[in-house]
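This report concerns only the one structure given below.
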Amino acid sequence: MSGTVRRLLSYWKGEKWLFLALSLLSALSVVSALLCPYLLGCMVDDCVDLIRTEGSAASKDSLLFHLSIFILFHLLSALFSWIHGYGMSVLAQRLLRKLKEEMTRKLLTLSPRFFNDHLCGSLMSHFTNDAELVKNALGDTIVQLISSVLTLVGSVVIMVRLSWQLALVTCLTVPFSILVSRFVMKHTRRYFALHQEALGEMNGAVEESFSGIKTIKSFGRERERIAQFEALNQVVCETGRRAQIYSGLLMPLMRVLDNCSYIIVTMVGALMASRGSVTVGVVQSFLLYTKNFQRPINAIA
């Protein structure tokens, strides 16, 4: 696994400056987005002060200031995200082109014996399905992982600064999230690997049938080829079904844990606010940071 990851990351060498620029944009977008819940909490506290002071000028000025900064950071986050998405699409296609060019050069150096031992359809599956999966892993997944880690770390830092007690409550569901993701990953990895292997075999059989259609019809082997395809197609269907079932379990289970964390933070925050330990705005910010905290965990999973 580690060798495969190192080999895949070697494709970043020629694009390291673009990757660093996109990572910086991702960080700026994350920072801008993380400050919004904090500013929203400040606005809630400003509204409370506005009611208590019966519309004092200081409370109005503070509310307008926090509202202006809130809108500014929202716009900056959206702008950075758009530029980052555009750059990532360019980078992903460059990586895909580089990968396919290297695969083509490799194929031209192989001996005829290799092509006798491997189905053409299976090789074509590597060029289409597998290359796209690698491109997604190198492009979207790695950058999403970086963004998720930054969001997670930033959320924890801000939550601890606001209230370490509520931050501790928010982290209660993390061990359960890790256990759920490990259970799901163990099964999905296995069945997705089997699904890709079966898909390659089925593509190989289809390619052979098309290229040898005259021979098949001449010797009356249509039923045999149909039976072979149906058997391979059944394996593809079964492995794909199991892979999708296990991968489909992840998000619902993680959402249940998210909602449990949200409810616990709401109850504890309301209790602390009633005692004066925190303000209503801090509780409001924490409810939003709870979502920000759980979202990157789900993405990493």
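- When the side chains of ILVMFWY residues are joined at heavy-atom separations under 4.5 Å, either directly or via intervening members, Val160 and Val268 end up in a single hydrophobic cluster.
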Worksheet entry | Residue pair Phe70, His74: steps toward the ring pair (Phe, Tyr, Trp, His ring centres under 6.0 Å) verdict | CA-CA 6 Å; Phe70 177 80; His74 253 304; 4.7 Å; yes
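- Between Ile71 atom CD1 and Leu76 atom CG the span is 12.0 Å, to the nearest 0.5 Å.
- A heavy-atom distance below 4.5 Å is found between the side chains of Ser285 and Leu162.
- Closest approach of Leu63 to Cys47, counting heavy atoms only: CD1-SG, 4.1 Å.
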Fill in: Derivation and outcome, side chain to side chain contact (heavy atoms under 4.5 Å, CB included), residues Phe114 and Leu123
CA-CA 11 Å; Phe114 175 85; Leu123 297 177; 4.0 Å; yes
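- Using a 30° and 60° split on the angle between ring planes, Tyr191 and Tyr246 fall in the parallel class, below 30°.
- Looking at Glu132 and Leu96, their side chains come closer than 4.5 Å, going by heavy atoms from C-beta outward.
- Leu75 and Leu64 sit in two unconnected hydrophobic clusters of ILVMFWY residues. Membership requires side-chain heavy atoms under 4.5 Å apart, directly or through other members.
- Taking CZ from Phe229 and CD from Glu208, the interatomic distance works out to 13.5 Å, rounded to the nearest 0.5 Å.
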Fill in: Glu222 vs Arg225, salt bridge (charged side-chain N to carboxylate O under 4.0 Å, His left out): CA-CA, chis, key distance, verdict
CA-CA 5 Å; Glu222 293 93 337; Arg225 299 300 295 184; over 6 Å; no
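- With a 4.5 Å cut-off on side-chain heavy atoms, Leu199 and Met202 count as touching.
- With rounding to the nearest 0.5 Å, the separation of CG in Leu166 from CE in Met159 is 9.5 Å.
- In this structure, Lys98 and Arg94 have side chains that are not in contact, with every pair of non-hydrogen atoms separated by 4.5 Å or more.
- Heavy atoms from other residues, nucleotides or ligands lying under 6.0 Å from CZ of Phe65 number 12 at most.
- In this structure a side-chain-to-backbone donor-acceptor pair under 3.5 Å is present from His66 to Ser62.
- Hydrophobic clustering of Ile, Leu, Val, Met, Phe, Trp and Tyr side chains at less than 4.5 Å, counting indirect connections, unites Leu18 with Leu24.
- Ala273 approaches Val283 most closely through the heavy-atom pair CB-CG2, 4.2 Å.
- Put simply, NE2 on His126 and CG on Asn203 are 10.5 Å apart, with the number rounded to the nearest 0.5 Å.
- Few gaps surround CE on Met103; more than 12 heavy atoms of other groups in view lie less than 6.0 Å from it.
- Atom OH of Tyr38 is surrounded by 12 or fewer heavy atoms from other residues, nucleotides or ligands within 6.0 Å.
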Worksheet entry | From CA spacing to verdict: side chain to side chain contact (heavy atoms under 4.5 Å, CB included), Val282, Thr279 | CA-CA 5 Å; Val282 170; Thr279 64; 3.2 Å; yes
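- In this structure, Ala198 and Thr239 approach most closely via the heavy-atom pair CB-OG1, 4.4 Å.
- In the displayed structure, Tyr86 atom OH is contacted under 6.0 Å by at most 12 heavy atoms of other residues, nucleotides or ligands.
- Gly248 and Pro252 make their closest contact through O-CD, 2.9 Å (heavy atoms, listed as atom of the first residue, atom of the second, distance).
- Linking Ile, Leu, Val, Met, Phe, Trp and Tyr residues whenever their side-chain heavy atoms come within less than 4.5 Å places Ile83 and Leu72 in a single cluster.
- Note: His195 and Phe192 have perpendicular aromatic rings, judged against thresholds of 30 and 60 degrees for the angle between ring planes.
- By the 4.5 Å heavy-atom criterion applied to side chains, Val169 and Gln165 are not counted as neighbours.
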Would you be so kind as to tabulate the donor-acceptor pairs closer than 3.5 Å made by side chains of residues 26-35, with sequence neighbours excluded?
{"from": "Ser29", "atom 1": "OG", "to": "Ser77", "atom 2": "O", "distance (Å)": "3.4"}
{"from": "Ser29", "atom 1": "OG", "to": "Ser81", "atom 2": "OG", "distance (Å)": "2.8"}
{"from": "Ser32", "atom 1": "OG", "to": "Leu28", "atom 2": "O", "distance (Å)": "2.9"}

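- We find the CG-NZ distance between Leu107 and Lys100 to be 12.5 Å, quoted to the nearest 0.5 Å.
- Note that CG of Asn233 and CD of Glu201 are 12.5 Å apart. Values are rounded to the nearest 0.5 Å.
- Annotation: side chain of Gln234 is not in contact with side chain of Glu230 (no heavy-atom distance under 4.5 Å).
- Summarising the geometry of Phe286 relative to Ser163, their closest heavy-atom pair is CZ-O, 3.3 Å, with the distance given to 0.1 Å.
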Listing, residues 149-156 side-chain donor-acceptor contacts under 3.5 Å, not counting sequence neighbours, or none:
{"from": "Thr151", "atom 1": "OG1", "to": "Ser147", "atom 2": "O", "distance (Å)": "2.8"}
{"from": "Ser155", "atom 1": "OG", "to": "Thr151", "atom 2": "O", "distance (Å)": "2.7"}

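- If you chain together hydrophobic residues whose side chains sit under 4.5 Å apart, Met272 and Ile264 fall into the same group.
- For Glu238 and Arg241, the salt-bridge test passes: some basic side-chain N is under 4.0 Å from an acidic carboxylate O.
- Here the side chains of Leu99 and Glu102 are not in contact, with every heavy-atom distance at 4.5 Å or above.
- Across all their heavy atoms, Ala131 and Phe127 have their closest contact at CB-O, 3.3 Å.
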